[in-house]
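Structure first, commentary second.
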Amino acid sequence: MTTYLTRLGTGFDVHAFTEGDHVWLGGIRIPADRGVLAHSDGDVALHALTDALLGAIADGDIGTHFPPSDEQWRGASSDRFLAHACDLVRARGGKIDHLDITVLAEAPRIGAHREAIRARIAEIANVPLTSVSIKATTTEKLGFVGRAEGLAAQAAATVRLPEIDLATADETAERRS
């Protein structure tokens with residue numbers, strides 16, 4: 001019988017606004033007055049979620065796996081990053097239990113897109129829709145988000161990993177340092 005241990009990872013991402021007519025959030029193209037300045041498509045929700053999954057398995061961050069200095073990732077769709085992180089969890093015998101995201105932005109509003117975002121994340125991560133939560137909040141006009149200079153997202157991912165894999169992962173991490 002395999003013993004699983006629960007791991008929680010968190011992630012955070014931010015991008016400044018620039019010229020454009022849309023933003024990508026949770027794998028969905030949302031019309032907006034501006035776009036975001038980013039090396040890839042700048043999807044703060046998927047970037048934060050990717051980091052949360054990588055954190056849960058103690059395997060670096062999005063920049064470790066997809067360095068912005070590498071031109072092959074210029075303009076890349078962030079669903080590739082999230083799918084990669086999910087594949088890493090499963091390659092270790094892990095199970096993704098829950099994915100939770102909070103978008104911090106004055107605009108665009110995501111309410112009308114919430115279910116499409118949840119469905120797209122569930123599809124990319126290959127998890128049930130009930131395992132994906134997305135929320136949004138403003139910062140009450142405070143900080144760079146409140147001044148509408150950019151947007152941010154924070155995420156948490158809960159995964160279960162086989163207990164034996166945790167020891168192997170710790171050994172691998174020690175060899176890397």
Side-chain angles (χ1 to χ4, degrees), residues 7-20 22-30 32 34-105 110 113 116-127 131-134 144-145 149-159 161 165-166 168-177:
R7 288 271 181 108
L8 171 70
T10 62
F12 180 81
D13 194 48
V14 60
H15 285 290
F17 285 126
T18 189
E19 293 180 14
H22 70 279
V23 297
W24 285 94
L25 282 174
I28 300 297
R29 186 180 193 272
I30 298 176
R34 295 178 281 175
V36 295
L37 184 61
H39 185 72
S40 67
D41 66 8
D43 189 325
V44 293
L46 294 188
H47 292 184
L49 195 51
T50 298
D51 270 349
L53 283 163
L54 293 172
I57 62 173
D59 196 0
D61 60 24
I62 196 169
T64 303
H65 293 265
F66 305 97
S69 58
D70 188 337
E71 283 301 308
Q72 74 173 311
W73 305 120
R74 180 168 301 283
S77 176
S78 296
D79 59 350
R80 295 173 61 189
F81 307 154
L82 179 58
H84 175 75
C86 293
D87 289 346
L88 290 175
V89 170
R90 292 188 179 101
R92 293 182 175 149
K95 300 175 185 211
I96 299 169
D97 286 327
H98 193 72
L99 304 172
D100 183 47
I101 305 159
T102 303
V103 175
L104 296 90
I110 70 161
H113 308 282
I117 292 170
R118 288 181 65 221
R120 180 66 181 129
I121 291 170
E123 176 185 21
I124 297 164
N126 194 25
V127 297
S131 294
V132 179
S133 173
I134 182 147
F144 76 91
V145 170
E149 297 170 2
L151 71 166
Q154 58 188 27
T158 308
V159 303
L161 293 176
D165 185 68
L166 296 177
T168 303
D170 289 341
E171 290 171 14
T172 302
E174 285 178 24
R175 283 194 300 271
R176 284 185 187 162
S177 20

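Just so it is clear, the model here is predicted, and its values are computed rather than measured.
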Query - Pairwise side-chain contact, Ser40 with Arg74, heavy-atom cut-off 4.5 Å (strictly under) - result: no
**Report entry** Taking every non-hydrogen atom, the tightest pair across Ile62 and Asp51
**Finding:** N-OD1, 2.6 Å
Report summary line: Closest non-hydrogen contact found for Val36 with His15 is CB-CB, 3.9 Å
Query raised in the report: Is the His47 ring parallel, tilted or perpendicular to the Phe81 ring (thresholds 30°, 60°)?
Result: tilted
Query - Pair Cys86-Asn126, side chain to side chain contact (heavy atoms under 4.5 Å, CB included): steps then yes or no - result: CA-CA 8 Å; Cys86 293; Asn126 194 25; over 6 Å; no
Report task. Please test Val23 against Phe17 for side chain to side chain contact (heavy atoms under 4.5 Å, CB included), starting from the C-alpha separation and ending with a verdict. Result -> CA-CA 9 Å; Val23 297; Phe17 285 126; 4.3 Å; yes
Requested in this report: Run the numbers on Ile117 and Val103 for side chain to side chain contact (heavy atoms under 4.5 Å, CB included), then give the verdict.
Outcome: CA-CA 12 Å; Ile117 292 170; Val103 175; over 6 Å; no
**Report entry** pair Leu53-Leu88: side-chain heavy atoms closer than 4.5 Å
**Finding:** no
Report summary line: Rounded to the nearest 0.5 Å, the CG atom of Leu99 sits from the OG atom of Ser131 at a distance of 7.0 Å
Query raised in the report: Under the ring pair (Phe, Tyr, Trp, His ring centres under 6.0 Å) criterion, do Phe66 and His84 qualify, and how do the steps go?
Result: CA-CA 10 Å; Phe66 305 97; His84 175 75; 5.2 Å; yes
Report summary line: Heavy-atom closest pair (Val145 atom, Leu151 atom, distance to 0.1 Å) is CG2-CA, 4.4 Å
Query - Check: Thr158 main-chain N/O paired with Asp97 side-chain donor or acceptor under 3.5 Å - result: no
Query raised in the report: Is there a side-chain contact between Val14 and Val44 (heavy atoms, below 4.5 Å)?
Result: no
Report summary line: Heavy-atom nearest pair, Gly26 first then Ala45, reads N-CB, 3.6 Å
Requested in this report: Measure the CG-CZ distance between Leu82 and Arg120 for me, rounded to the nearest 0.5 Å.
Outcome: 9.0 Å
**Report entry** Close side-chain approach of Thr10 and Phe12, heavy atoms under 4.5 Å
**Finding:** no
Report summary line: For Leu46 and Asp79, the nearest pair of non-hydrogen atoms, with its separation, is CD1-N, 3.7 Å
Query raised in the report: Do the side chains of Leu25 and Ile28 get nearer than 4.5 Å, heavy atoms only?
Result: no
**Report entry** Minimum-distance pair of heavy atoms, taken over all atoms of Gly42 and Ser78
**Finding:** N-OG, 4.5 Å
Report task. Kindly indicate, with the supporting measurements, whether the criterion salt bridge (Lys or Arg N to Asp or Glu O under 4.0 Å) is fulfilled by Arg29 and Asp41. Result -> CA-CA 10 Å; Arg29 186 180 193 272; Asp41 66 8; over 6 Å; no
Query raised in the report: When rounded to the nearest 0.5 angstrom, what is the spacing between NE2 in His98 and CG in Leu8?
Result: 10.5 Å
Requested in this report: Verify side chain to side chain contact (heavy atoms under 4.5 Å, CB included) between Val89 and Lys95, making sure each step is shown before the conclusion.
Outcome: CA-CA 7 Å; Val89 170; Lys95 300 175 185 211; over 6 Å; no
Query raised in the report: Is Glu71 atom CD crowded by more than 12 heavy atoms from other residues, nucleotides or ligands, each under 6.0 Å away?
Result: yes
**Report entry** Beyond-backbone contact of Asp13 with Gln154, side-chain heavy atoms, under 4.5 angstrom
**Finding:** no
**Report entry** Close side-chain approach of His65 to Leu54, heavy-atom, < 4.5 Å
**Finding:** yes
Query raised in the report: Between Asp70 (side chain) and Trp73 (backbone), is there a donor-acceptor pair under 3.5 Å?
Result: no
